[in-house]
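Owing to the predicted nature of the structure, the values given are computational and were not obtained by experimental measurement.
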Amino acid sequence: MSDALRQGLRSTTERARGLSGVFQGFKDFISRGNAVELAVGVVIGAAFGAVVTAVQSGLIGPLIAMIFGKPDISELWVISGRNDAEINVGVILNALLQFLITAAAVYFVIVLPLNKLAERRKRGIEAEPARPSEDILLLQEIRDLLAAGQGATPPPAPGAPPAGSGPGAHAAPQPPI
């Protein structure tokens, strides 16, 4: 095998190791519970946004059209000024209306029913969800310990001297004065 071929294989192997480190970091990032929960929240939020949009265009828009004559109030109130400048109050009112519709939908569809359920549970009308069994709690504890131990040094064996006190140990570098 020629030196050039060995050199090429060695550099390719080193790049593959570096690439596997990148993939391992990506895998660790995706495996975190927070990233998955955030992704679920974004997907649910997008789906809920479609529901709010449908309510606005199917119910609120026609109600506005019955009152103001147009389903969209963004062109309702335009104030003209100097140099063809326009102040469009209708756009602001439309954005405020959209915000209020979204907030009302979130409150009445999500917050209010969950508050009622919590109140019923507090009064004892609704039963609390069952506590997980002991084996599930043990598995969760093992999972948490394994997740906390990734990247950390393992604990010393019983009877072993503390790290950094052996014959090959070096003194910690001192900061410059």
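Atoms NZ and CZ, from K116 and R120 in turn, are 9.5 Å apart once rounded to the nearest 0.5 Å. Interatomic distance, T53 OG1 to F48 CZ, rounded to the nearest 0.5 Å: 10.0 Å. Between L139 atom CG and D144 atom CG the span is 11.0 Å, to the nearest 0.5 Å. Considering CG of L145 and CD of Q140, their distance stands at 12.0 Å, rounded to 0.5 Å. Note: S80 OG to I87 CD1 = 9.0 Å, rounded to the nearest 0.5 Å.
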Stepwise side chain to side chain contact (heavy atoms under 4.5 Å, CB included) check, Q7 with R10: CA-CA 5 Å; Q7 183 67 23; R10 185 173 297 139; 3.9 Å; yes
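No continuous path of hydrophobic side-chain contacts links I125 to L117 [ILVMFWY only; heavy atoms under 4.5 Å]. Residues L59 and V109 fall within the same hydrophobic cluster, defined by Ile, Leu, Val, Met, Phe, Trp and Tyr side chains chained together at heavy-atom separations under 4.5 Å. The cluster map of Ile, Leu, Val, Met, Phe, Trp and Tyr, joined by side-chain heavy atoms under 4.5 Å apart, puts L114 and Y107 in the same cluster. Cluster membership for L76 and L100, using ILVMFWY side-chain heavy atoms within less than 4.5 angstrom, is not shared. Tracing side-chain contacts under 4.5 Å through hydrophobic residues (I, L, V, M, F, W, Y), one never reaches F108 starting from F99; they form parts of separate clusters.
Screening V91, L93, I67 for a side-chain contact (heavy atoms from CB on, under 4.5 Å) with I73, the sole residue that qualifies is L93.
The two residues S57 and P62 have their closest heavy-atom pair at O-CD, 3.4 Å.
Applying the side-chain hydrogen bond (donor to acceptor under 3.5 Å, both in side chains) test to every pair with at least one member in residues 83-96, sequence neighbours left out, gives these pairs: D72-N94.
Qualifying side chain to side chain donor-acceptor pair (under 3.5 Å) partners for D135, counting only residues two or more places apart in sequence or in other chains: S133.
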